[in-house]
Student: 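Before we start, here is the structure in question, set down as structure tokens.
Being a predicted model, the structure only gives us computed values, none of them experimental.
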Amino acid sequence: LTDEHLSIANAFLHKGASEVAGTLYKCTTDISGRIISSVLENMESPLYEIIHNTQKQWLNGNFDELYKVAAFRTIGLPVK
């Protein structure tokens, strides 16, 4: 038995990724597409900031389904 947290995200981090985005539960492709678009438009920012800012925009009236906004999380340590 191991006492480590094992996940696909940890595999990416082990292989050199500085950050990994994931979802806490199943989400729709349009929501994932919006997150991906935000990341591609803001590649210079850390992933956690991009996702956080996108979620804030959705909550400021641009998006009406709160449970979809909360699906995303990031792990890792961004390198600037």
Side-chain angles (χ1 to χ4, degrees):
L1 292 181
T2 110
D3 61 352
E4 300 170 358
H5 172 78
L6 300 175
S7 70
I8 191 75
N10 280 356
F12 283 111
L13 293 170
H14 179 73
K15 286 298 187 180
S18 62
E19 297 176 282
V20 179
T23 61
L24 300 172
Y25 46 85
K26 185 177 179 178
C27 64
T28 60
T29 55
D30 63 317
I31 302 306
S32 299
R34 291 181 192 187
I35 289 288
I36 291 168
S37 294
S38 295
V39 170
L40 293 175
E41 292 169 4
N42 300 289
M43 293 291 288
E44 69 285 347
S45 299
L47 190 54
Y48 74 90
E49 279 183 11
I50 296 168
I51 290 177
H52 180 77
N53 289 336
T54 303
Q55 289 170 328
K56 285 193 314 188
Q57 288 173 0
W58 288 345
L59 291 177
N60 286 334
N62 296 335
F63 202 78
D64 60 354
E65 296 180 5
L66 178 61
Y67 75 95
K68 290 182 180 177
V69 175
F72 294 92
R73 69 178 184 140
T74 59
I75 64 169
L77 299 170
V79 177
K80 288 190 174 191

Student: Measure across I51 and A21 and return the closest heavy-atom pair with its distance rounded to 0.1 Å.
Tutor: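 The pair with the smallest heavy-atom distance is CD1-CB, 3.8 Å.
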
Student: Who are the side-chain contact (heavy atoms from CB on, under 4.5 Å) partners of L40, not counting sequence neighbours?
Tutor: I36, M43

Student: Which heavy-atom pair separates T54 from S38 by the least distance, and what is that distance?
Tutor: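 Residues T54 and S38, closest heavy atoms: OG1-OG, 3.1 Å.
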
Student: Testing the basics here: between I50 and N42, what is the closest heavy-atom pair and its distance to 0.1 Å?
Tutor: CD1-O, 3.1 Å

Student: What's the spacing between R34 CZ and T29 OG1 if we round to 0.5 Å?
Tutor: 10.5 Å

Student: To the nearest 0.5 Å, what is the distance between CG on D30 and OG on S32?
Tutor: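 It is 8.0 Å, given to the nearest 0.5 Å.
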
Student: Would you compute the distance between atom OG of S45 and atom NE2 of H52 and round it to the nearest 0.5 angstrom?
Tutor: 12.5 Å

Student: Can you list the residues that meet the side-chain contact (heavy atoms from CB on, under 4.5 Å) rule with A11, with sequence neighbours excluded?
Tutor: none

Student: Please confirm whether the backbone N or O of P46 pairs with a side-chain atom of E19, one donor and one acceptor, at under 3.5 Å?
Tutor: no

